[in-house]
Novice: 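Sharing a structure below in structure tokens format, with a few things to ask.
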Amino acid sequence: MAAVTLRGVRKVYENGFVAAHRADLTIVDGELLVLVGPSGCGKSTLLRMIAGLEEVTEGSIFIGDRDVTTLEPRDRDIAMVFQSYALYPHMTVEENLGFGLKLRGSTPGEVKKLVNEAAQTLDLTALLSRLPKQLSGGQRQRVALGRALVRKPQVFLLDEPLSNLDAKLRGSTRTEIARLHRSLGTTMIYVTHDQVEAMTLGQRIVVMNQGVIQQVDTPMRIYDHPVNLFVAGFLGNPSMNFFRGTLSQQGVLSILGDGAQFPLPEAYASVLAGYRGRELIAGIRPEDLRRELAPGSAGEGGVIQGTVDLIESIGNEAFLHLRLGPWPLIVRTSPQNLPEIGTIVTLAVSPQRIHFFDPASGERVVALT
């Protein structure tokens, strides 16, 4: 096991495209860290530079105390699991698991021992004599994991390993990876564009956009305290609701935009005093808008009203799609006592659950503690 440290790592391609902007990052020994972001954000490029599959334009990469920036992939003591499995179709599961060990000069006895250990860990023992074409997608991915596992590397690198699986298999294989990490305690760096994978797997998450690291923290810390508009809008399904307009106080502290008004709790009157007359964006997550079923149940929170456009009921919960003037908003709610389409719904929100962002910089500007 080993820590991985990136110091000012930058990647610029020959055409001038900057895939990574001076990344500074430390993955601690034994951590499972997830790189997440939209397609083209640079997360896979960062992983491939750690693996040695992409050259570093500037900066340094350390695995443990070793500077591996210019080392070949085989000399970095890492193992990588790809999206495509990359199994040898003419080899059995046992042969696929042991092939890399044979290339490294391990004795037949050592290969047998390590393959059996990996097969037992990943529940592959009964499949050792099968060819890849005789396996399900989830089983193939476990073989790909096992091939990395037998090498006992200092660092595991996983590049969107579940993207070829259906939803059910993704869930079960994700559980396998989490269990494997707990049992091994090996440093793992995992790349995905799927925020569910990021939130459920990562001990910490690195959110990236356009080659820049936006925020690094625990999943719930990032979810509850996004540092900017991009992070706030990217994490969460459905996405955070945003209200953009001018902060004004005409009897009630409000954000005014295109003839609509989003009233704010009085608790913000002094906190936002310096932003009056300026543009501001307020954000509220769908689960933080609750239907006010009884008059006055909002307490000290803010109250807004929206017209129901659409209702999505998915069994254990429902999503109300509403409109408040120019602003669309989504409310996550109970599937019981749903309103009719076209009716006006009163919503309440706790002051602590409202996020504010500067429209120009996108940065978070204020919050209640």
Side-chain angles (χ1 to χ4, degrees), residues 199 207 215 217-308 317-334 339 344-369:
M199 294 289 290
V207 183
Q215 188 170 358
D217 214 325
T218 63
M220 287 312 300
R221 178 75 183 173
I222 290 180
Y223 189 80
D224 289 335
H225 304 280
V227 297
N228 58 35
L229 271 171
F230 174 80
V231 176
F234 181 76
L235 285 183
N237 187 24
S239 182
M240 183 181 285
N241 298 294
F242 294 111
F243 307 86
R244 178 175 185 146
T246 302
L247 187 66
S248 175
Q249 185 160 13
Q250 299 173 350
V252 177
L253 185 66
S254 305
I255 290 179
L256 305 178
D258 294 334
Q261 176 175 308
F262 172 49
L264 298 173
E266 281 303 310
Y268 279 102
S270 59
V271 178
L272 292 173
Y275 294 92
R276 288 179 190 159
R278 296 167 53 184
E279 272 204 322
L280 195 63
I281 298 175
I284 306 174
R285 293 207 179 274
E287 62 270 23
D288 292 330
L289 283 164
R290 63 188 186 279
R291 285 190 288 160
E292 192 181 15
L293 300 178
S297 63
E300 297 181 357
V303 177
I304 60 176
Q305 291 186 324
T307 303
V308 180
E317 61 183 359
F319 300 123
L320 302 183
H321 295 253
L322 300 94
R323 184 160 292 278
L324 173 60
W327 300 305
L329 62 148
I330 300 177
V331 180
R332 189 193 302 268
T333 188
S334 164
I344 295 175
V345 176
T346 301
L347 305 167
V349 60
S350 169
Q352 287 79 13
R353 306 306 297 171
I354 305 177
H355 310 263
F356 293 94
F357 305 92
D358 181 272
S361 67
E363 300 299 310
R364 186 185 182 99
V365 295
V366 70
L368 292 182
T369 57

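Just so it is clear, the structure is predicted and the values come from calculations on it, not from any experiment. Index from 1, following the sequence.
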Novice: Less than 4.0 Å between a side-chain N and a carboxylate O, is that true for D288 and R332?
Specialist: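 Salt bridge flag = no for D288 with R332.
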Novice: After noting the C-alpha distance and the side-chain angles of R353 and E287, does the key distance pass the side-chain contact (heavy atoms from CB on, under 4.5 Å) rule?
Specialist: CA-CA 10 Å; R353 306 306 297 171; E287 62 270 23; 5.7 Å; no
Novice: Quick check: does any side chain N or O of D217 sit under 3.5 Å from a backbone N or O of I222, one acting as donor and the other as acceptor?
Specialist: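 No, the answer is negative, given that no donor and acceptor are paired below the 3.5 Å cut-off.
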Novice: Taking side chain as C-beta onward, heavy atoms only, is M199 less than 4.5 Å from M220?
Specialist: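 The answer is yes, as the side chains (C-beta and beyond) meet within the 4.5 Å cut-off.
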Novice: Measuring from F234:CZ to N228:CG, what's the distance to the nearest 0.5 Å?
Specialist: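 Here the interatomic distance stands at 12.0 Å.
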Novice: Return the CE to OH distance between M240 and Y223, rounded to the nearest 0.5 Å.
Specialist: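 OH of Y223 is found 7.5 Å from CE of M240.
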Novice: Which atom pair, heavy atoms only, marks the closest approach of I354 to P265?
Specialist: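 For I354 versus P265, the nearest heavy atoms are CD1-CD, 3.6 Å.
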Novice: Does F357 reach the side chain of P226, with side-chain heavy atoms less than 4.5 Å apart?
Specialist: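 In short, these two side chains touch, coming nearer than 4.5 Å.
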Novice: What is the distance from atom OG1 of T307 to atom CD1 of I344, rounded to the nearest 0.5 Å?
Specialist: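 CD1 of I344 is found 4.5 Å from OG1 of T307.
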Novice: Please name the residue in the list I284, L320, L347 that meets the side chain to side chain contact (heavy atoms under 4.5 Å, CB included) test with L329.
Specialist: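 Between L329 and the candidates, side chain to side chain contact (heavy atoms under 4.5 Å, CB included) is satisfied uniquely by L347.
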Novice: Side chains of L280 and L272: closer than 4.5 Å at any heavy-atom pair?
Specialist: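 Contact flag for L280/L272 side chains = yes.
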Novice: With no hydrogens and no angle check, is any side-chain donor or acceptor of R276 less than 3.5 Å from a backbone partner on A269?
Specialist: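 Looks like yes, one N/O pair under 3.5 Å.
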Novice: Which heavy-atom pair separates E266 from L253 by the least distance, and what is that distance?
Specialist: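 Nearest heavy atoms, E266 then L253: OE2-N, 4.2 Å.
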Novice: Which atom names give the shortest non-hydrogen contact between E363 and V227, and what distance separates them?
Specialist: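 Heavy atoms only, the tightest pair is OE1-O, 3.6 Å.
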Novice: How many angstroms lie between NE2 in H225 and CZ in R364, if you round to the nearest 0.5 Å?
Specialist: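 The CZ atom of R364 is 7.0 Å from NE2 of H225, to the nearest 0.5 Å.
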Novice: Quick one: closest heavy-atom pair of P263 and I304, and the distance?
Specialist: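 Closest heavy-atom pair between P263 and I304: CD-CG2, 3.6 Å.
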Novice: Could you tell me how the ring of F243 sits relative to the ring of W327: parallel (under 30°), tilted (30 to 60°) or perpendicular (over 60°)?
Specialist: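 Perpendicular.
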Novice: Is a side-chain N or O of E279 found less than 3.5 angstrom from the main chain of P359, in a donor-acceptor match?
Specialist: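 Pair absent, no side-chain N/O of E279 close to backbone of P359.
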Novice: Please name the pair of heavy atoms, one in G236 and one in R285, separated by the smallest distance, quoted to 0.1 Å.
Specialist: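 Minimum heavy-atom separation between G236 and R285: CA-NH1, 4.0 Å.
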Novice: In this structure, is the centre-to-centre distance between the rings of F356 and Y268 below 6.0 Å?
Specialist: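 Here the rings of F356 and Y268 have centres that are less than 6.0 Å from each other.
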Novice: Does the side chain of R278 reach to within under 4.5 Å of the side chain of D358, using non-hydrogen atoms?
Specialist: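 Contact flag for R278/D358 side chains = yes.
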Novice: How close do G257 and P326 get, counting heavy atoms only, and between which atoms?
Specialist: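 Distance-wise, the nearest heavy atoms are O-CG, 3.5 Å.
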Novice: Taking atom CZ of R290 and atom OG1 of T333, what is their separation to the nearest 0.5 Å?
Specialist: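 It is 11.5 Å, given to the nearest 0.5 Å.
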